[in-house]
Amino acid sequence: FSRSGATQASLSVVSDRQLNDPSGARQTIARGDWIGSWGITVAENSSSASALYRAGRDAMEREDFDAAVEQLSHAFFLEPHFKTLELLGTCCQRLGRFHEAVLYLAAAAGLGNRQFRARFLLAEVLASLGDIDGAVNKLEEAIELNPDFRRARDLLKRLRAGHADGEAAG
């Protein structure tokens with residue numbers, strides 16, 4: 001993207017590729033570049049990260065989770081934030097990439113100030129992977145942080161009921 005008086009800047013990604021940045025300009029990005037070498041100011045990073053975050057949210061609303069992962073990944077690289085990690089985890093969960101979702105959601109739980117939500121989302125993914133004990137543990141942590149979190153309480157109740165049924169049958 002270009003700004004008056006500013007040099008041409010590139011968005012950051014992990015591999016060599018081209019992508020459309022939010023301004024519509026086509027950018028070529030090379031592996032191994034560092035933000036400092038691009039001359040991007042903090043304000044430009046923040047502005048780009050915000051636009052990419054919004055594009056990721058929009059893709060999620062359209063249920064285009066692959067596109068959302070790409071946009072949100074770029075946003076996180078420019079400006080790390082727990083909410084971006086939560087959304088990446090949610091997208092990966094919806095795509096059936098549960099192990100990847102665990103990584104994002106575990107990181108979100110450690111980075112954010114709304115850790116109860118990240119723990120809840122992590123519990124959902126762990127339950128999908130069959131780790132009921134791990135899911136129950138994360139739900140208990142979420143409820144300890146936010147005792148009024150009804151969705152967490154409901155899921156905990158369902159998991160405990162299903163787990164107790166399985167133990168009784170075994």
Side-chain angles (χ1 to χ4, degrees), residues 1-129 134-135 138-139 141-142 145-146 149 151-152:
F1 52 91
S2 296
R3 298 186 194 248
S4 58
T7 59
Q8 185 75 14
S10 298
L11 296 174
S12 57
V13 293
V14 179
S15 62
D16 296 338
R17 68 173 87 178
Q18 288 191 330
L19 99 129
N20 289 319
D21 77 14
S23 68
R26 192 113 176 119
Q27 304 290 332
T28 302
I29 300 108
R31 182 189 322 263
D33 285 341
W34 295 95
I35 289 175
S37 68
W38 294 338
I40 299 175
T41 66
V42 172
E44 287 173 324
N45 274 352
S46 182
S47 174
S48 295
S50 294
L52 288 163
Y53 178 85
R54 284 190 307 276
R57 295 287 305 239
D58 291 345
M60 288 180 75
E61 287 179 19
R62 294 188 313 273
E63 296 190 12
D64 185 354
F65 297 107
D66 287 314
V69 166
E70 181 152 345
Q71 297 296 324
L72 292 168
S73 295
H74 298 314
F76 183 79
F77 187 84
L78 289 172
E79 192 172 295
H81 192 271
F82 80 95
K83 186 61 180 172
T84 307
L85 289 170
E86 281 185 4
L87 295 177
L88 282 163
T90 299
C91 289
C92 289
Q93 179 184 16
R94 296 290 299 270
L95 291 167
R97 294 167 19 194
F98 298 116
H99 290 93
E100 190 177 347
V102 168
L103 294 173
Y104 286 124
L105 294 169
L111 190 60
N113 60 1
R114 290 186 45 181
Q115 297 175 352
F116 66 91
R117 179 164 164 66
R119 282 177 168 74
F120 169 75
L121 294 170
L122 182 55
E124 284 186 320
V125 173
L126 290 172
S128 295
L129 288 169
K138 292 301 166 197
L139 288 167
E141 290 176 10
L145 291 167
N146 182 357
F149 195 4
R151 286 178 59 202

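Both backbone and side-chain heavy atoms feed into the values below; hydrogens, waters and symmetry mates do not.
In terms of heavy atoms, Phe149 sits closest to Ala142 at CD2-CB, 4.4 Å. Closest of all the heavy-atom pairs between Gln115 and Leu145 is CB-CD1, 3.9 Å. Residue Gly56 comes nearest to Ala68 through the heavy atom pair O-CB, 3.5 Å, listed as atom of the first residue, atom of the second, then distance.
Side-chain atoms of Leu52 and Leu78, non-hydrogen and from C-beta on, do get closer than 4.5 Å to each other. Side-chain contact check for Phe98 versus Cys92: every heavy-atom pair is 4.5 Å or farther apart. Looking at Tyr53 and Ser48, their side chains never come closer than 4.5 Å, going by heavy atoms from C-beta outward. Looking only at side-chain heavy atoms (C-beta outward), Met60 and Leu72 come within less than 4.5 Å of each other. Between Leu88 and Glu100, the closest side-chain pair of non-hydrogen atoms is not below 4.5 Å. Two residues are said to be in side-chain contact when any heavy atoms from C-beta on lie closer than 4.5 Å; Lys83 and Arg117 meet this criterion. For the pair Phe120/Lys138, no side-chain contact is recorded, criterion being any heavy-atom separation below 4.5 Å from C-beta on.
The closest donor-acceptor contact from the side chain of Ser128 to the backbone of Glu124 lies under 3.5 Å. No donor-acceptor pair closer than 3.5 Å links the side chain of Gln93 to the backbone N or O of Ala101.
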Val102/Leu126 under side-chain contact (heavy atoms from CB on, under 4.5 Å): CA gap, chis, key distance, verdict:
CA-CA 7 Å; Val102 168; Leu126 290 172; 4.2 Å; yes
Before giving the answer on side-chain contact (heavy atoms from CB on, under 4.5 Å), spell out for Gln71 and Arg54 the whole-Å C-alpha distance, their side-chain angles and the decisive distance to 0.1 Å.
CA-CA 9 Å; Gln71 297 296 324; Arg54 284 190 307 276; over 6 Å; no
side-chain contact (heavy atoms from CB on, under 4.5 Å) assessment of Leu139 paired with Arg119
CA-CA 7 Å; Leu139 288 167; Arg119 282 177 168 74; over 6 Å; no
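With salt bridges taken as basic N to acidic carboxylate O contacts below 4.0 Å, one links Arg97 and Asp66.
Atom CZ in Phe82 sits 11.5 Å away from atom CZ in Phe76 (nearest 0.5 Å). Atom OG1 of Thr84 is separated from atom NE2 of His74 by 13.0 Å, given to the nearest 0.5 angstrom. To the nearest 0.5 angstrom, Cys91 atom SG is 9.5 Å from Arg57 atom CZ. Between the CG atom in Leu121 and the OG1 atom in Thr90 there is a gap of 4.5 Å [rounded to 0.5 Å]. Within the model, atoms CZ of Phe65 and CG of Leu87 stand 10.5 Å from one another, a figure rounded to the nearest 0.5 Å. Interatomic distance, Asp64 CG to Asp58 CG, rounded to the nearest 0.5 Å: 11.0 Å.
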